[in-house]
S.K.: 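Provided herewith is a single structure, encoded as structure tokens, for subsequent inquiry.
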Protein chains: 2
Amino acid sequence: MDDLTEMLKGTLEGCVLEIIDSEETYGYAITRRLNELGFTDVVEGTIYTILLRLERNGLVQVTKRPSGLGPPRKFFALNDAGREELAAFWAKWEYLSSRIDKLKEGGR
Amino acid sequence: MDDLTEMLKGTLEGCVLEIIDSEETYGYAITRRLNELGFTDVVEGTIYTILLRLERNGLVQVTKRPSGLGPPRKFFALNDAGREELAAFWAKWEYLSSRIDKLKEGGR
DNA sequence: ACCACTACACAGTAACACGAAGTAGAGGGG
DNA sequence: CCCCTCTACTTCGTGTTACTGTGTAGTGGT
């Protein structure tokens with residue numbers, strides 16, 4: 001699938017929140033997971049900027065743990081604010097995708 | 001619905017293409033149509049920049065016609081390139097929304 | 001004269017995903 | 001022993017996009 005970057009704006013962060021919510025995990029693994037899920041072109045740099053943003057906005061709790069096969073990992077878990085943000089994201093997605101699908105079906 | 005602007009990036013242009021494809025129309029009317037369809041916060045300034053972009057990218061054919069109740073209108077119609085772009089947009093939307101819905105259903 | 005509605009244009013802003021480069025740790029092959 | 005690969009995180013700069021604000025202009029109503 002060719003360039004999805006513009007369409008991902010605003011949704012990729014929500015996807016990251018969802019993944020973190022389903023399991024405490026770290027940047028590199030999140031990137032791999034997204035690649036598996038069909039977001040094939042998402043690269044680490046993108047995810048790390050999102051994770052730093054989440055941290056800066058106080059939506060996640062961060063724990064550093066040694067890895068065994070590389071540098072230590074920064075594990076992320078959602079806090080209450082993060083779960084609220086995730087719920088808000090899904091509400092928006094629901095709203096937007098329903099409108100767009102309706103538009104696609106020919107309008108009214 | 002609170003701020004959808006980030007999520008609209010990449011999709012709003014496609015919505016405009018779809019509206020133009022369904023009927024030759026002009027900026028002000030497109031804005032009103034989008035507002036009706038639930039994109040309540042979309043304003044004219046946004047649509048005009050999109051229309052200028054479409055024109056610059058050679059996706060539309062433009063015709064100026066007098067209005068009768070205001071300044072002349074610039075009517076937009078898709079050309080072949082525009083219809084191709086629209087098809088590509090829907091393909092991307094289909095792809096992305098299916099992946100995100102799958103992620104929402106709990107992943108795998 | 002003033003206001004409301006229609007209609008378009010344009011300069012500036014903020015947010016976001018991405019690319020590129022770098023740092024660092026662990027393990028394996030020649 | 002050095003190089004390469006894979007894991008893992010960071011940071012700076014870039015391009016695209018939607019939005020905001022402001023301005024212009026035409027028509028009709030009060």
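Every chain is numbered from 1, with letters handed out A, B, ... down the list of sequences. It should be emphasised that the depicted structure is a prediction, and the values quoted were computed from it without experimental measurement.
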S.K.: Using whole Å, report how far CD1 of Ile30(A) lies from P of dA17(C).
M.R.: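 Taking CD1 of Ile30(A) and P of dA17(C), I get 13 Å after rounding.
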
S.K.: Using atom CE of Met1(A) as one end and atom P of dA17(C) as the other, report the distance to the nearest whole Å.
M.R.: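 The answer, rounded to whole Å, is 19 Å.
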
S.K.: Is there a donor-acceptor pair under 3.5 Å between the side chain of Asp3(A) and the backbone N or O of Thr5(A)?
M.R.: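 Looks like yes, one N/O pair under 3.5 Å.
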
S.K.: Rounded off to whole Å, could you give me the CD-to-P distance for the Glu6(A) and dA18(D) pair?
M.R.: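 Checked: the CD to P distance equals 7 Å.
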
S.K.: Of Leu52(A) and Glu44(B), whose closest DNA chain D nucleotide lies nearer the 5' terminus?
M.R.: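 Nearer the 5' end of the strand: Leu52(A).
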
S.K.: Quick test of your reading of the model: are Lys104(B) and Asp101(B) salt-bridged, counting only N-O distances below 4.0 Å?
M.R.: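 The answer is no: the pair does not qualify as a salt bridge.
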
S.K.: Residues from residues 18-27 of chain B sitting under 4.0 Å of DNA chain C, heavy atoms only?
M.R.: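 Within residues 18-27 of chain B, the residues near DNA chain C are Tyr26(B), Gly27(B).
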
S.K.: Nearest-Å distance, CZ (Arg65(A)) to P (dA26(C))?
M.R.: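 Atom-to-atom, Arg65(A) to dA26(C), this comes out as 18 Å.
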
S.K.: Is any side-chain N or O of Lys9(B) under 3.5 Å from a base N or O of dT16(D), one able to act as donor and the other as acceptor?
M.R.: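 It does not, because no donor-acceptor pair links the side chain of Lys9(B) to the base of dT16(D) below 3.5 Å.
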
S.K.: Just by distance, do the side chain of Tyr95(A) and the backbone of Gly38(B) share a donor-acceptor pair under 3.5 Å?
M.R.: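 Yes: the side chain of Tyr95(A) pairs with the backbone of Gly38(B).
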
S.K.: Given side-chain contact (heavy atoms from CB on, under 4.5 Å), test Val42(A) with Asn35(A) step by step and report yes or no.
M.R.: CA-CA 7 Å; Val42(A) 172; Asn35(A) 293 152; 4.2 Å; yes

S.K.: Could you walk me through whether Leu54(B) and Glu13(B) pass the side-chain contact (heavy atoms from CB on, under 4.5 Å) check?
M.R.: CA-CA 9 Å; Leu54(B) 296 179; Glu13(B) 182 179 312; 3.9 Å; yes

S.K.: Looking at dC5(C), I'd like to know if its phosphate oxygens (OP1 or OP2) sit under 4.0 Å from a side-chain N or O belonging to Arg32(B).
M.R.: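 It does not, given that no N or O in the side chain of Arg32(B) lies less than 4.0 Å from OP1 or OP2 of dC5(C).
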
S.K.: How far apart are the C-alpha atoms of Ile30(B) and Leu51(B), what are their side-chain angles, what is the distance that settles it, and do they pass the side-chain contact (heavy atoms from CB on, under 4.5 Å) test?
M.R.: CA-CA 10 Å; Ile30(B) 292 169; Leu51(B) 291 171; 4.0 Å; yes

S.K.: For Lys64(B) and dG26(D), give me the distance from atom NZ to atom P, rounded to whole Å.
M.R.: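 Distance check: Lys64(B) NZ to dG26(D) P gives 11 Å.
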
S.K.: Under 4.0 angstrom, heavy atoms only, what part of the nucleic acid is Leu51(B) near: base, sugar-phosphate, or nothing?
M.R.: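 No contact at all - Leu51(B) keeps every heavy atom at 4.0 Å or more from the nucleic acid.
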
S.K.: Report the nucleotide, chosen from dC8(C), dC16(C), dT17(D), that has the shortest atom-to-atom distance to any side-chain atom of Glu13(B).
M.R.: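 Of the candidates, dT17(D) comes closest.
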
S.K.: Under a 4.0 Å N-O cut-off, is there an ion pair linking Arg65(B) with Glu24(B)?
M.R.: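 Looking at Arg65(B) and Glu24(B), the cut-off is met.
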
S.K.: Taking 4.0 angstrom as the limit, do Lys102(B) and Glu105(B) come out as a salt bridge?
M.R.: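 No, no charged N to carboxylate O under 4.0 Å.
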
S.K.: Verify the contact: side-chain N or O of Tyr48(A) to OP1 or OP2 of dT10(D), cut-off strictly under 4.0 Å; return yes or no.
M.R.: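 Answer is no, no contact under 4.0 Å.
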
S.K.: Distance check needed: dA18(D) P versus Asp2(B) CG, whole Å only.
M.R.: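 One finds 19 Å between P of dA18(D) and CG of Asp2(B), rounded.
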
S.K.: Does Phe39(A) reach the side chain of Ile100(B), with side-chain heavy atoms less than 4.5 Å apart?
M.R.: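 Phe39(A) reaches Ile100(B) side chain to side chain.
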
S.K.: Could you check if a side-chain atom of Leu78(A) sits within less than 4.5 angstrom of a side-chain atom of Arg83(A), using non-hydrogen atoms only?
M.R.: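 Sidechains of Arg83(A) and Leu78(A): in contact.
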
S.K.: Keeping Asn79(A) on the side-chain end and Ala81(A) on the backbone end, is there a donor-acceptor pair under 3.5 Å?
M.R.: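 Checking the backbone N and O of Ala81(A) against the side chain of Asn79(A), a donor-acceptor pair under 3.5 Å is found.
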
S.K.: Can you sort out which residues in residues 67-81 of chain B have a heavy atom within less than 4.0 Å of DNA chain C? Ascending by number, please.
M.R.: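 Only Ser67(B), Leu69(B), Pro71(B), Pro72(B), Arg73(B), Lys74(B) qualify.
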
S.K.: Which whole-number value in Å describes the distance from Met7(B) CE to dA15(C) C1'?
M.R.: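 Computing the Met7(B):CE to dA15(C):C1' distance gives 14 Å.
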
S.K.: Using 4.0 Å as the upper bound for N to carboxylate O, is an ion pair formed by Arg32(B) and Glu44(B)?
M.R.: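 Looking at Glu44(B) and Arg32(B), the cut-off is met.
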
S.K.: Rounded to the nearest Å, what distance is computed from the CG atom of residue Leu17(B) to the C1' atom of nucleotide dT17(D)?
M.R.: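 Roughly 14 Å, once rounded to whole Å.
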
S.K.: Give the B/S/- string for nucleotides 18-23 of chain C, one per nucleotide from 5' to 3', where a protein heavy atom under 4.0 Å of the base yields B, of only the sugar-phosphate yields S, and otherwise -.
M.R.: BS----

S.K.: Looking at dC5(C), dA17(C), dA8(D), which one has an atom nearest to any side-chain atom of Tyr28(B)?
M.R.: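 The listed nucleotide nearest to Tyr28(B)'s side chain is dC5(C).
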
